[in-house]
Amino acid sequence: MMITETKTMLDTRTGALSGKEIKYSDRKLKDLAGIFLDENSRENMDPETLVYSVQSYMPVDEGTRGGLFFGNTTIFPGKVGNEYFMTRGHFHREFVSSEYYWCVTGEGMLILMNTNREVWAEKMRPGSLHYIPGNIAHRVANTGIDTLVFNACWTAEAGHDYDTINQQGFSMRLFEVGGRPQLVKSNR
Ligand code: PAN
Ligand code: ZN
């Protein structure tokens, strides 16, 4: 058997992926219309502000039965109004496809919502491991003053439904209230 080096590397101290198969995407304030509650504040901020960036490693085609994908998400510190910088959030198209998130650096909150629109959250800190059942919408907010980095592993069959969240949002949002993160009821 030939012995080879893997072409893909994960820096376990920083969460960063490297290698030529890694895909990169950036989400700036200009890409996140309608995601935060306070659209006025968002429009008054620099549209080029980077909110989060994602590295993805997808060694098989999307939809491959039994395949796994890996990701690294960095959320920068900041707020739109009083709402923490966060990911768009999504349901998986395949409700049987669950996912792991684990926090590498920083502090934040994993916000979860079931199909009855009930919301709860888990604190993220370095080393915290989060199992996300396949039918639960998920988004992450950075509640700290440093960047929040988390890694993720999900199935190649999962698929992403962003439309439901774009249209209905989560039923609770994470705001800074009195200097602390608090979930607050929201209509969208
Ligand atoms: C993650 C997310 C990533 C970015 O890899 O896709 O953190 O968040 P949004 O996709 O909500 O913008 C994941 O949950 N994959 O399934
Ligand atoms: Zn997901």
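Predicted, not measured: the structure shown is a model, and the values here were computed from it. Note that ligands are numbered from 1 as they come in the structure, with each ligand's atoms numbered from 1 the same way. These values consider heavy atoms only, across backbone and side chains, with no hydrogens, waters or symmetry-generated copies. Throughout, numbering of the chain's residues begins at 1 and tracks the sequence.
At least one heavy atom of Gly89 sits closer than 4.0 Å to an atom of ligand 1.
Across all non-hydrogen atoms, the minimal contact from Asp46 to Leu29 is O-CD1, 3.6 Å.
Both the sub-6.0 Å distance and the 45° axial angle are not jointly satisfied by Arg117 relative to the ring of Phe170.
For a distance bound of 2.8 Å, the N, O or S atoms of His160 include none lying that close to the Zn ion (ligand 2).
In terms of protein heavy atoms, atom 10 (O) of ligand 1 is closest to Tyr162 OH, 2.5 Å. Distance from atom 1 (C) of ligand 1 to its nearest protein heavy atom, with residue and atom name: Tyr101 OH, 3.5 Å. Of all protein heavy atoms, the one closest to atom 8 (O) of ligand 1 is Thr87 CB, 3.5 Å. Nearest protein heavy-atom contact of atom 12 (O) of ligand 1 is Tyr52 OH, 2.5 Å.
Within the listing of ligand 1, atoms 15 (N), 16 (O) sit less than 4.0 angstrom from a heavy atom of His160. Ligand-side atoms of ligand 1 in range of Thr73: 3 (C), 7 (O), range being under 4.0 angstrom from any heavy atom. Close contacts between ligand 1 and Val54 involve ligand atoms 4 (C) [criterion: under 4.0 Å to a heavy atom].
Closest approach between the Zn ion (ligand 2) and any N/O/S atom of His90 involves NE2. Restricting Glu99 to its N, O or S atoms, the one at the least distance from the Zn ion (ligand 2) is OE1.
Between Arg88, His90, Arg27, Glu99, it is His90 that holds the heavy atom closest to atom 2 (C) of ligand 1.
Arg188 places a side-chain N or O within donor-acceptor distance of the main-chain N or O of Gly34, the cut-off being under 3.5 Å. Using a distance-only test at 3.5 Å, with no hydrogens or angles considered, a donor-acceptor pair links the side chain of Thr155 to the main chain of Ala158.
Ring to ring, Tyr57 and Trp154 are not that close: their centroids are 6.0 angstrom or more apart. Note: His138 and Tyr101 meet the aromatic proximity criterion, with ring centroids under 6.0 Å apart.
Only side-chain heavy atoms of Phe150 come within less than 4.0 Å of ligand 1; its backbone N, CA, C and O stay farther off. Only the side chain of His138 comes within 4.0 Å of ligand 1, judged by heavy-atom distances.
Side chains of Tyr52 and Thr74: a donor-acceptor N/O pair is absent below 3.5 angstrom, by distance only.
Note: Phe36 and Phe85 have tilted aromatic rings, judged against thresholds of 30 and 60 degrees for the angle between ring planes. Taking the six-membered ring where tryptophan is involved, the planes of His92 and His90 are essentially parallel, since the angle between them stays under 30° and well short of 60°.
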